[in-house]
Novice: 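Supplied in structure tokens, the structure appears directly below.
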Amino acid sequence: MVDLFLNRVLVENNWDQDELNTEREIIGILENRIVLLFFASAKCDKCQEFLPVLNDFFKRLKDPAYIEYPKLFALIYISLDESEEEQERVLKELHKKVLFLAFEDPYRIELQAMFKVKDVPTVLVLRPDGSILSPNAVKEICRLGSDCFQNWQESAELIERTFMLNEEFDNLNLRSATDPVRRLKYKTEDDKRKKRWWKLWAKGKGAYEEEEEEKDGTWDTKRRERDKGIWTNR
């Protein structure tokens with residue numbers, strides 16, 4: 001899926017219309033996600049009727065105002081408009097976190113031909129590996145709303161990695177971007193013991209021996225003898 005948009009410029013539909021054009025940005029926003037390609041145009045009456053439904057669908061799955069943990073999917077508007085002004089009319093109706101291709105980017109038409117899109121509105125649903133999960137999910141979204149995402153997630157075998165158990169994170173490839181924060185917040189006793197051992201090792205053998213002496217009580221004895229010697233010399 002990521003390969004489909006590498007070396008392309010995706011624009012976020014916010015006030016500044018931020019461009020995502022580096023490999024790192026594209027991977028960060030599309031990797032391990034179900035991607036929806038929304039083909040539409042401003043002159044299409046059915047598209048205008050569908051826009052509020054799609055916006056509600058998106059908000060209930062991605063907007064923190066509606067859901068605590070946004071789902072792993074991205075929505076990209078592929079404009080089939082005849083002018084940039086028409087494309088802007090559609091974008092004004094779409095959520096600010098929706099992505100889109102600039103009007104002057106010919107890749108819009110290439111995608112239409114690549115996926116053989118003939119009717120609008122079309123919502124093409126793609127698995128993380130780029131294979132087609134649904135050629136047009138418009139009716140499904142209208143009928144089921146955000147509930148249809150669960151079906152897509154199961155079909156795509158998409159894993160919510162953020163909340164996997166601690167022991168499942170031995171494989172670094174399975175760790176999510178939020179894993180360091182999660183592990184810092186929810187430290188286990190094993191984590192604490194490992195951290196303590198690491199500090200002792202970093203201090204060197206002398207610090208480790210002092211720690212061991214403290215455990216068997218000899219440290220207090222040596223300290224008293226050392227203090228006694230100091231007062232005797234005085």
Side-chain angles (χ1 to χ4, degrees), residues 1-14 16-40 54 57-59 61-64 67 69-80 87 90-91 94-117 121-138 140-141 146 148-164 168-182:
M1 169 47 53
V2 174
D3 294 342
L4 196 63
F5 289 96
L6 280 182
N7 302 318
R8 299 289 173 179
V9 178
L10 286 174
V11 186
E12 194 168 8
N13 188 35
N14 54 26
D16 298 324
Q17 293 197 339
D18 297 321
E19 294 186 352
L20 308 176
N21 54 11
T22 67
E23 182 176 338
R24 181 176 181 180
E25 289 172 329
I26 298 298
I27 290 175
I29 204 164
L30 297 183
E31 188 178 41
N32 188 42
R33 281 166 173 76
I34 290 174
V35 176
L36 279 60
L37 302 184
F38 174 44
F39 295 85
L54 183 63
F57 170 86
F58 184 88
K59 287 188 293 187
L61 292 171
K62 291 290 286 186
D63 196 326
I67 185 170
Y69 302 109
K71 296 298 181 181
L72 297 174
F73 87 98
L75 176 60
I76 304 175
Y77 174 49
I78 310 298
S79 167
L80 299 182
Q87 175 173 300
V90 177
L91 290 173
L94 285 172
H95 195 279
K96 298 306 177 185
K97 289 187 177 294
V98 171
L99 305 170
F100 67 94
L101 290 168
F103 181 78
E104 62 271 12
D105 190 342
Y107 196 50
R108 298 181 299 111
I109 308 305
E110 291 180 35
L111 288 171
Q112 181 187 16
M114 184 187 307
F115 294 109
K116 301 178 182 179
V117 176
T122 288
V123 176
L124 183 74
V125 184
L126 300 173
R127 296 183 179 87
D129 63 3
S131 61
I132 297 176
L133 198 156
S134 173
N136 193 354
V138 169
E140 189 177 1
I141 292 173
S146 58
C148 63
F149 183 81
Q150 183 65 33
N151 298 332
W152 299 344
Q153 185 173 9
E154 292 175 358
S155 177
E157 298 181 350
L158 186 64
I159 301 173
E160 293 275 4
R161 297 172 179 170
T162 305
F163 307 104
M164 292 173 68
E168 294 177 307
F169 277 76
D170 291 336
N171 185 348
L172 294 177
N173 293 325
L174 294 178
R175 299 187 181 183
S176 69
T178 58
D179 176 53
V181 177
R182 183 188 65 82

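As the structure is a prediction and not an experimental result, all values here were calculated from the model.
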Novice: Working to the nearest 0.5 angstrom, can you tell me the gap between Leu10 CG and Arg8 CZ?
Specialist: 10.0 Å
Novice: Testing the 3.5 Å rule here: is there a donor-acceptor pair between the side chains of His95 and Asp63?
Specialist: yes
Novice: So do Tyr107 and Phe5 actually touch side chain to side chain, heavy atoms under 4.5 Å?
Specialist: yes
Novice: Is it true that atom CD of Glu104 has more than 12 heavy atoms of other residues, nucleotides or ligands lying nearer than 6.0 Å?
Specialist: yes
Novice: So, the side chain of Asp16 versus the backbone of Asp18: is there a donor-acceptor pair under 3.5 Å, distance only?
Specialist: no
Novice: For the atom pair CG (Asp3) and CG (Asp129), what is the distance rounded to the nearest 0.5 Å?
Specialist: 11.0 Å
Novice: Looking at Leu6 and Glu23, what are the two nearest heavy atoms and their distance?
Specialist: CD2-CG, 3.7 Å
Novice: For Ile132, is there any backbone N or O sitting under 3.5 Å from a side-chain donor or acceptor partner on Arg127?
Specialist: yes
Novice: Distance from Ile29 atom CD1 to Lys97 atom NZ, nearest 0.5 Å?
Specialist: 8.5 Å
Novice: To the nearest 0.5 Å, what is the distance between CZ on Arg33 and CD1 on Ile27?
Specialist: 12.0 Å
Novice: Looking at Glu19 and Val11, what are the two nearest heavy atoms and their distance?
Specialist: CG-CG2, 4.2 Å
Novice: Using side chain to side chain contact (heavy atoms under 4.5 Å, CB included), reason through Val123 and Ile141 one step at a time and then give a plain yes or no.
Specialist: CA-CA 9 Å; Val123 176; Ile141 292 173; 4.1 Å; yes
Novice: How about Gln17 and Glu12: do any of their side-chain heavy atoms sit closer than 4.5 Å?
Specialist: no
Novice: Find out whether Leu124 and Val117 are in side-chain contact, i.e. whether some heavy atom of one side chain is under 4.5 Å from a heavy atom of the other.
Specialist: no
Novice: Are Glu140 and Trp152 side-chain neighbours, meaning at least one heavy-atom pair lies under 4.5 Å?
Specialist: yes
Novice: Check the pair Phe39 / Leu111 against side chain to side chain contact (heavy atoms under 4.5 Å, CB included), numbers first and verdict last.
Specialist: CA-CA 9 Å; Phe39 295 85; Leu111 288 171; 4.3 Å; yes
Novice: Taking Glu31 for the side chain and Gly28 for the main chain, is one N or O donor matched with an acceptor at less than 3.5 Å?
Specialist: no
Novice: Nearest 0.5 Å please: distance from the CG atom of Leu30 over to the CG atom of Leu4.
Specialist: 8.5 Å
Novice: Could you list the donor-acceptor pairs under 3.5 angstrom formed by side chains in residues 72-80, with sequence neighbours left out?
Specialist:
unit_1 : atom_1 : unit_2 : atom_2 : d
Tyr77  : OH     : Ala40  : O      : 3.3
Tyr77  : OH     : Asp81  : OD2    : 2.8
Ser79  : OG     : Asp81  : N      : 3.1
Ser79  : OG     : Asp81  : OD2    : 2.6
Ser79  : OG     : Gln87  : OE1    : 3.1

Novice: Looking at every heavy atom in both Val138 and Pro121, which two are closest together, and how far apart are they?
Specialist: CG2-O, 3.5 Å
Novice: Are the side chains of Pro64 and Tyr69 in contact, using a 4.5 Å heavy-atom criterion?
Specialist: no
Novice: Could you tell me whether the side chain of Asn13 and the main chain of Leu91 form a donor-acceptor pair under 3.5 Å?
Specialist: yes
Novice: What's the shortest heavy-atom distance between Cys148 and Phe57, and which atoms?
Specialist: SG-CE1, 3.6 Å
Novice: Kindly compute the distance separating CD1 (Ile34) from CD (Gln153), expressed to the nearest 0.5 Å.
Specialist: 6.5 Å
Novice: Should the heavy atoms of other residues, nucleotides or ligands under 6.0 Å from CG of Asn7 be counted, would the total exceed 12?
Specialist: no
Novice: For residues Pro128 and Leu158, determine if any side-chain heavy atom of one lies less than 4.5 Å from a side-chain heavy atom of the other.
Specialist: yes
